[in-house]
Q: 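Submitted below is the structure of interest, expressed as structure tokens.
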Amino acid sequence: MSNIRHALSVKRADDFAQWYQEVISAADLAEDSGVRGCMVIKPWGYGIWERIQRLLDQRIKDTGHDNAYFPLFIPLSNFEREAEHVEGFAKEMAVVTHHRLIAGPDGGLIPDPEAKLEEPLVVRPTSETIIGDAMARWVQSWRDLPLKLNQWANVVRWEMRTRMFLRTSEFLWQEGHTAHETAEDAKEHTMRMLEVYRACAEEDLALPVIAGEKPENERFPGAVETWSIEAMMQDGKALQAGTSHYLGTNFAQASGIRYQDREGTQQLCHTTSWGVSTRMIGGVVMTHGDDDGLRVPPAIAPWQVVILPMLRDKPEDAALIGYCSELKAAIGAQSALNEPVRVLLDTKPGKAAAKRWDWVRKGAPIIIEVGGRDMENGVVSLLRRDRLWDAATGKSAFETPTREAAGEGIGAMLEQIQTALLDEARARRDANITRGVETTEQLANFYNSGERFPGWVEVQWARPTGAALDKVVEFLKEHKLTIRNVPRGGNAADGTCIFTGEPAVERILVARAY
RNA sequence: CGGGGAGUGGCGCAGCCUGGUAGCGCACCUGUUUUGGGUACAGGGGGUCGGAGGUUCGAAUCCUCUCUCCCCGACCA
């Protein structure tokens with residue numbers, strides 16, 4: 001195995017953070033932009049985002065939501081309405097104060113002091129307040145409810161420390177906002193969208209996640225309940241991959257979202273909001289990436305199959321391209337994961353072997369190389385990205401099905417790869433959730449001894465609140481730990497609280513996190 | 001935002017301490033030769049050294065300021 005020459009220079013095991021950076025650039029996902037905390041998402045990376053968008057958008061529409069678009073700029077006074085919300089986001093806001101530039105004293109441009117805005121505009125870090133404003137106008141009667149909206153947008157949060165995809169100052173996301181008659185309806189909807197995220201993560205991104213409720217200290221500013229899906233990365237850390245919030249009547253109160261009920265009395269709406277972002281892509285990298293680059297799950301791969309003819313810049317090339325075109329047509333006529341197979345015939349000049357490694361790094365699920373001899377024999381050389389190497393020989397694990405077999409079998413193979421990636425990630429996660437830790441000493445030791453892989457630990461607790469919870473969080477912080485969530489549908493508690501010694505009421509997941 | 005590291009052709013680096021207008025590998029271009037699998041030979045194009053200012057006859061090399069990135073921390077999707 002040691003004779004395998006991998007496509008990346010850094011291995012996951014040697015330096016996970018650096019490896020992550022290398023995958024981003026080697027797979028051509030994104031690059032630095034020169035603007036603090038902002039990245040350029042390149043075609044392959046954006047193509048993956050577009051796939052996520054398409055699949056998730058359908059799920060969102062299937063649950064009765066309509067898309068709309070609200071302004072990037074939010075009047076400061078509008079944003080100020082919900083106290084906790086303001087407190088939560090105030091520290092990381094971009095603010096627009098001028099609307100014109102003029103020549104400065106040193107030749108450059110400066111904001112025109114004469115063109116100062118009457119009221120500053122904040123660049124949305126999320127849109128609860130401005131959408132709440134619209135909801136207040138749109139909702140009059142109980143007949144208008146539930147109101148279920150979604151928007152695909154960019155948001156800005158002035159982060160202190162950024163990382164490609166995981167935390168950038170500007171990021172792309174989807175934010176859903178709904179208004180309901182009752183707390184029950186709204187809570188139910190919060191859970192419904194959490195389930196949509198769970199399904200999207202697992203079925204589309206092949207990211208096994210654990211859905212559960214966030215502890216009080218991790219709630220979204222202004223939320224009554226915050227739920228999340230958590231995924232385990234290959235270094236054992238947790239990544240919050242999506243959140244769903246029950247907002248109670250907090251934002252309805254702040255924005256005046258009221259309806260007249262069946263008895264004719266004014267009532268406050270109960271609202272929800274939920275979002276997932278381009279951060280998901282970081283999760284895909286850290287879950288499915290390997291020492292040869294990215295492995296993109298077929299469902300979200302812009303190209304699922306890439307055909308590389310071994311061109312020689314000679315007249316014979318025409319026949320080879322013809323052979324490959326027929327293969328492409330046969331594959332394109334197949335379907336996988338309920339969609340036509342997305343296949344690219346890459347005729348860009350260049351050596352097939354070199355191009356192959358480009359696609360390996362990018363993570364195309366299936367790469368098919370076709371040379372003259374393949375053509376003569378009526379076969380193709382097929383490489384599955386999820387099983388790149390032949391462990392026995394240390395060489396690329398090519399298969400050589402006939403062209404017909406390759407064409408017909410591709411759909412099933414893509415579905416197998418999708419499943420294999422999910423299974424692999426799930427097995428790794430399940431093997432790294434430790435139970436039976438009963439004291440804080442054991443917990444601290446588990447993470448600090450360095451003897452074992454730093455996965456997640458499930459412990460029982462009494463769900464302390466307020467100052468008691470602060471104490472717990474403080475202890476965890478000392479060991480760089482966080483409470484991820486209280487898994488939904490987890491086993492009932494049957495012991496004592498690891499922190500307080502009281503009878504436990506539920507089980508929580510503790511982990512280091514991104 | 002605090003601590004540490006770093007910014008030199010597309011990528012990875014050397015040069016900087018001991019100032020004298022830039023070098024290597026890969027990639028790229030051309031030609032030749034090859035070619036069933038990342039690995040041939042030769043020739044060639046491309047950078048003024050993150051940015052601004054300063055010291056100096058002269059700066060990638062010294063000084064000041066600034067921008068950006070990476071790692072750790074505090075904060076967060």
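To find a chain, count down the sequence lines: A is the first, B the second, and so on, and within it residues start at 1.
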Q: Expressed as a whole number of Å, how far does the P atom of A60(B) sit from that of G53(B)?
A: 14 Å
Q: When the P atoms of C24(B) and G9(B) are compared, how many Å lie between them, rounded to an integer?
A: 15 Å
Q: Mind checking K214(A) for me? I need base, sugar-phosphate or nothing, with any heavy atom below 4.0 Å counting as a touch.
A: nothing
Q: For atom P, what is the distance between G7(B) and G43(B), given to the nearest Å?
A: 32 Å
Q: Is it possible for you to check whether R124(A) lies under 6.0 Å from the centre of the six-membered ring of F70(A), through NZ or CZ, and within 45° of that ring's axis?
A: no
Q: State which residue, out of R12(A), K11(A), R361(A), fulfils the salt bridge (Lys or Arg N to Asp or Glu O under 4.0 Å) condition with D291(A).
A: R12(A)
Q: Quick one: label T168(A) by what it contacts on the DNA or RNA (base, sugar-phosphate, nothing), any heavy atom closer than 4.0 Å.
A: base
Q: Classify E159(A) by what it touches in the nucleic acid, base, sugar-phosphate, or nothing, heavy-atom distance under 4.0 Å.
A: base
Q: Quick one: label S277(A) by what it contacts on the DNA or RNA (base, sugar-phosphate, nothing), any heavy atom closer than 4.0 Å.
A: base
Q: Hey, is the side chain of K355(A) poking within less than 4.0 Å of OP1 or OP2 on A27(B), counting only N and O atoms?
A: no
Q: Answer with base, sugar-phosphate or nothing: what part of the nucleic acid does G37(A) contact at a heavy-atom distance below 4.0 Å?
A: sugar-phosphate
Q: Does K42(A) qualify as a cation-pi partner of W44(A), given the criterion of NZ or CZ under 6.0 Å from the six-membered ring centre and within 45 degrees of its axis?
A: no
Q: If you look at every strand shown and take non-hydrogen atoms under 4.0 Å, does L166(A) touch a base, only sugar-phosphate, or nothing?
A: base
Q: Say we look at C17(B) and G31(B): how far apart would their C1' atoms be, to the nearest angstrom?
A: 45 Å
Q: Reckon R163(A) touches a base, only the sugar-phosphate, or nothing at all at heavy-atom distances under 4.0 Å?
A: sugar-phosphate
Q: Can you classify the ring geometry of H65(A) versus H189(A) as parallel (below 30°), tilted (30 to 60°) or perpendicular (above 60°)?
A: tilted
Q: I'd like to compare against my own output: the B/S/- annotation of nucleotides 45-53 of chain B with a strict under-4.0 Å heavy-atom distance to protein.
A: ---------
Q: What integer number of Å spans the C1' atoms of A40(B) and U33(B)?
A: 7 Å
Q: Given that S169(A) and C38(A) both sit by RNA chain B, which one's nearest nucleotide is further toward the 5' end?
A: C38(A)
Q: By the 4.0 Å heavy-atom rule, please label F171(A) as base, sugar-phosphate, or nothing.
A: base
Q: Quick one, K214(A) with E230(A), criterion salt bridge (Lys or Arg N to Asp or Glu O under 4.0 Å). Give me CA distance, side-chain angles, the key distance, then yes/no.
A: CA-CA 10 Å; K214(A) 284 293 201 184; E230(A) 304 280 334; 2.8 Å; yes
Q: Between S127(A) (side chain) and I130(A) (backbone), is there a donor-acceptor pair under 3.5 Å?
A: no
Q: Using atom names, set out every protein N or O paired with an N or O of nucleotides 4-8 of chain B below 3.5 Å, distance rounded to 0.1 Å.
A:
none

Q: Between K348(A) and D346(A), is a salt bridge (Lys or Arg N to Asp or Glu O under 4.0 Å) present by the stated rule, with each step listed?
A: CA-CA 6 Å; K348(A) 191 179 162 193; D346(A) 184 355; over 6 Å; no
Q: Assess whether ring pair (Phe, Tyr, Trp, His ring centres under 6.0 Å) is satisfied between F251(A) and H85(A), documenting all intermediate values.
A: CA-CA 9 Å; F251(A) 286 89; H85(A) 193 63; 4.9 Å; yes
Q: When all nucleic acid strands are considered with a 4.0 Å heavy-atom cut-off, which category describes V35(A): base, sugar-phosphate, or nothing?
A: sugar-phosphate
Q: Check the surroundings of atom CD in E474(A): do more than 12 heavy atoms from other residues, nucleotides or ligands lie under 6.0 Å from it?
A: no
Q: Taking only Watson-Crick and G-U wobble pairs with both distances under 3.5 Å, what dot-bracket line describes RNA chain B, where [ ] shows pairs that cross earlier ones and | shows pairs with another strand?
A: ((((((((.[[[[.)....(..]]]].(((((.......))))).....[[[[[..)....]]]]])))))))....
Q: What nucleic acid atoms does A17(A) come within less than 4.0 Å of, heavy atoms only: base, sugar-phosphate, or nothing?
A: sugar-phosphate
Q: Please give the distance between the P atoms of C1(B) and U66(B) as a whole number of Å.
A: 11 Å
Q: Would you classify G242(A) as touching base, sugar-phosphate or nothing, given that sugar-phosphate means primed atoms plus P, OP1 and OP2, and contacts are heavy atoms under 4.0 Å?
A: nothing
Q: Reckon R36(A) touches a base, only the sugar-phosphate, or nothing at all at heavy-atom distances under 4.0 Å?
A: sugar-phosphate
Q: For U68(B), does either OP1 or OP2 sit under 4.0 Å from a side-chain N or O belonging to R161(A)?
A: no
Q: Between A77(B) and U39(B), how far apart are the two P atoms, rounded to whole Å?
A: 47 Å
Q: Where the side chain of T226(A) meets the backbone of F220(A), is there a donor-acceptor pair that is under 3.5 Å apart?
A: yes
Q: Would you indicate what K480(A) reaches in the nucleic acid, counting non-hydrogen atoms under 4.0 angstrom: base, sugar-phosphate, or nothing?
A: sugar-phosphate
Q: Please measure how far the P atom in U35(B) lies from the corresponding atom in G51(B), and state the result in whole Å.
A: 47 Å
Q: Can a donor-acceptor pair be found, under 3.5 Å and without considering hydrogens, that links the side chain of E202(A) to the backbone of V209(A)?
A: yes
Q: Within this structure, what is the CG-CG distance for the pair L205(A) and L55(A), rounded to the nearest 0.5 Å?
A: 8.5 Å
Q: Are any of the side-chain nitrogens in D235(A) or R512(A) under 4.0 Å away from the carboxylate oxygens of its partner?
A: no
Q: Give S396(A) one of three labels, base, sugar-phosphate or nothing, depending on what nucleic acid heavy atoms sit under 4.0 Å from its own.
A: nothing
